[in-house]
Amino acid sequence: MKITIIKGDITKIKADAIVNAAGVGFGNAIGGGVAGAIRRAAGLELVKECRQLSKDKYPNGLPTGEAVITKAYNLPAKIIIHTVGPRYYSEDINLLKNCYVNCLNLAEENNCESIAFPAISTGAFGCPIEKSAEIVKEILENFKSEIIKEVILVLFDEGDLGVYNGKLPEGH
Ligand code: ADP
């Protein structure tokens, strides 16, 4: 898998799958961060699908570390994979590994050749960007895929980009 690290807005990325750093009530994503940006860019149909999915399958919310797919509606991606990262100060940060692995597995199952990740848990959920980069590095070093050709790591600001570039090797 080729690893590409870029600064940008994940809603603009033309990958087969983009990952949403969702909250437990992923169907009711409001406000800022990745979830808000995705909801605004994808449109109301996404909110409807998420609400239905929550009602049918996750009445108590999507558990931390798990992932679920929806259509991407107005986004350039083909699918959205929603995952709930751990809250750094109150949950086990190792659950962040489950987020990345479950998203990669779902991307494979859905024949995605490319997948774009935001730095899950590093916004409202408080995980230091260095810790995020270490976990992402470990997961990507160990995940082998015949299907996924490119993993795009999308950072939102220059500082975060610098940390990822320092810790993660780009390319193969
Ligand atoms: P979490 O609740 O999992 O911490 P957030 O959405 O609050 O998720 O933030 C996760 C990371 O994504 C943060 O580093 C934040 O700066 C970044 N971010 C926010 N908006 C976007 C966006 N549109 N595209 C890519 N990254 C974003």
Side-chain angles (χ1 to χ4, degrees), residues 3-44 46-47 50 54 58 61-70 72-104 106-107 112 114-140 150-168 170:
I3 300 169
T4 306
I5 302 171
I6 57 165
K7 176 170 170 266
D9 175 352
I10 197 154
T11 64
K12 306 276 197 309
I13 306 290
K14 281 197 194 97
D16 285 349
I18 68 159
V19 173
N20 181 15
V24 275
F26 65 99
N28 297 307
I30 47 162
V34 175
I38 287 180
R39 191 208 54 222
R40 284 190 296 277
L44 265 183
L46 172 67
V47 178
C50 287
S54 299
Y58 302 101
L62 185 63
T64 303
E66 291 193 18
V68 68
I69 74 161
T70 66
Y73 300 96
N74 297 333
L75 296 182
K78 289 188 191 152
I79 61 168
I80 303 171
I81 305 177
H82 307 259
T83 189
V84 179
R87 289 164 195 269
Y88 188 68
Y89 294 103
S90 57
E91 290 182 280
D92 180 1
I93 194 60
N94 284 310
L95 289 169
L96 191 56
K97 297 179 186 174
N98 300 9
C99 291
Y100 282 90
V101 171
N102 286 327
C103 287
L104 289 164
L106 276 178
C112 294
S114 54
I115 177 169
F117 283 97
I120 303 162
S121 285
T122 66
F125 286 0
C127 176
I129 194 73
E130 291 78 10
K131 184 76 195 163
S132 149
E134 280 161 22
I135 287 176
V136 171
K137 179 173 191 270
E138 180 192 325
I139 296 301
L140 295 182
E150 185 177 20
V151 177
I152 306 159
L153 303 172
V154 185
L155 287 312
F156 207 47
D157 69 52
E158 208 64 53
D160 291 353
L161 180 73
V163 172
Y164 261 57
N165 274 328
K167 292 210 188 259
L168 279 136
E170 270 197 277

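None of these values were measured; they are calculated from a predicted model. Remember, it's 1-based here, ligands and their atoms both numbered in the order they're listed.
- Between Thr11 and ligand 1, no N or O atom pair is found at a separation short of 3.5 Å.
- The nearest heavy-atom contact from the protein to atom 3 (O) of ligand 1 is Ser121 N, 2.8 Å.
- Remark: minimum distance from atom 19 (C) of ligand 1 to any protein heavy atom is reached at Phe156 CD2, 3.7 Å.
- Once rounded to the nearest 0.5 Å, the distance linking OG1 of Thr83 with CG of Leu62 reads 6.5 Å.
- A distance of 10.0 Å separates CD1 of Ile115 from CG of Leu153, quoted to the nearest 0.5 Å.
- Atoms of ligand 1 found under 4.0 Å from any heavy atom of Ala37, numbered from 1 in the order shown, are 23 (N).
- Of the polar atoms of Val154, none of the N or O atoms is found under 3.5 Å from an N or O of ligand 1, judged by distance alone.
- Between Ile120 and ligand 1, no N or O atom pair is found at a separation short of 3.5 Å.
- Counted by atom type alone, Glu150 and Thr4 present one or more donor-acceptor pairs between their side chains at under 3.5 Å.
- Residue Asp160 has at least one heavy-atom neighbour below 4.0 Å for each of these atoms of ligand 1: 14 (O).
- The two residues Ala77 and Ala72 have their closest heavy-atom pair at O-CB, 3.2 Å.
- With distances taken over non-hydrogen atoms, the option nearest atom 4 (O) of ligand 1 out of Cys99, Gly123, Ala119 is Gly123.
- For the atom pair CD1 of Ile120 and CD1 of Ile135, the computed distance is 10.0 Å after rounding to the nearest 0.5 Å.
- A donor atom on one side chain and an acceptor atom on the other are not found under 3.5 Å apart for Tyr88 and Thr122.
- Of all the listed residues (Thr122, Ile13, Leu96, Leu155), Thr122 holds the heavy atom that lies closest to atom 14 (O) of ligand 1.
- Shown here for Ser132 and Cys127, the closest heavy-atom pair between the two residues is N-SG, 4.0 Å.
- Ile18 pairs with exactly one of Ile81, Val34, Ile38 by the side chain to side chain contact (heavy atoms under 4.5 Å, CB included) rule, that one being Ile38.
- The distance from the CG atom of Leu46 to the OG1 atom of Thr70 is 5.0 Å, given to the nearest 0.5 Å.
- Nearest non-hydrogen protein atom to atom 12 (O) of ligand 1 is Val34 CG2, 3.3 Å.
- Between Ala21 and ligand 1, not a single N/O pair is under 3.5 Å apart.
- Under the 4.0 angstrom criterion for non-hydrogen atoms, Gly85 is not in contact with ligand 1.
- At a 4.0 Å cut-off, at least one heavy atom of Gly8 sits close enough to ligand 1 to count as contact.
- For ligand 1, one of its N or O atoms has an N or O atom of Ala124 under 3.5 Å away.
- Of all the atoms in ligand 1, the ones that sit under 4.0 Å from a non-hydrogen atom of Asp9 are 22 (C), 23 (N), 24 (N).
- The pair Glu138-Lys97 meets the salt-bridge criterion, since a charged nitrogen lies less than 4.0 angstrom from a carboxylate oxygen.
- For a threshold of 3.5 Å applied to N or O pairs, the pair formed by Ile10 and ligand 1 contains at least one separation below that value.
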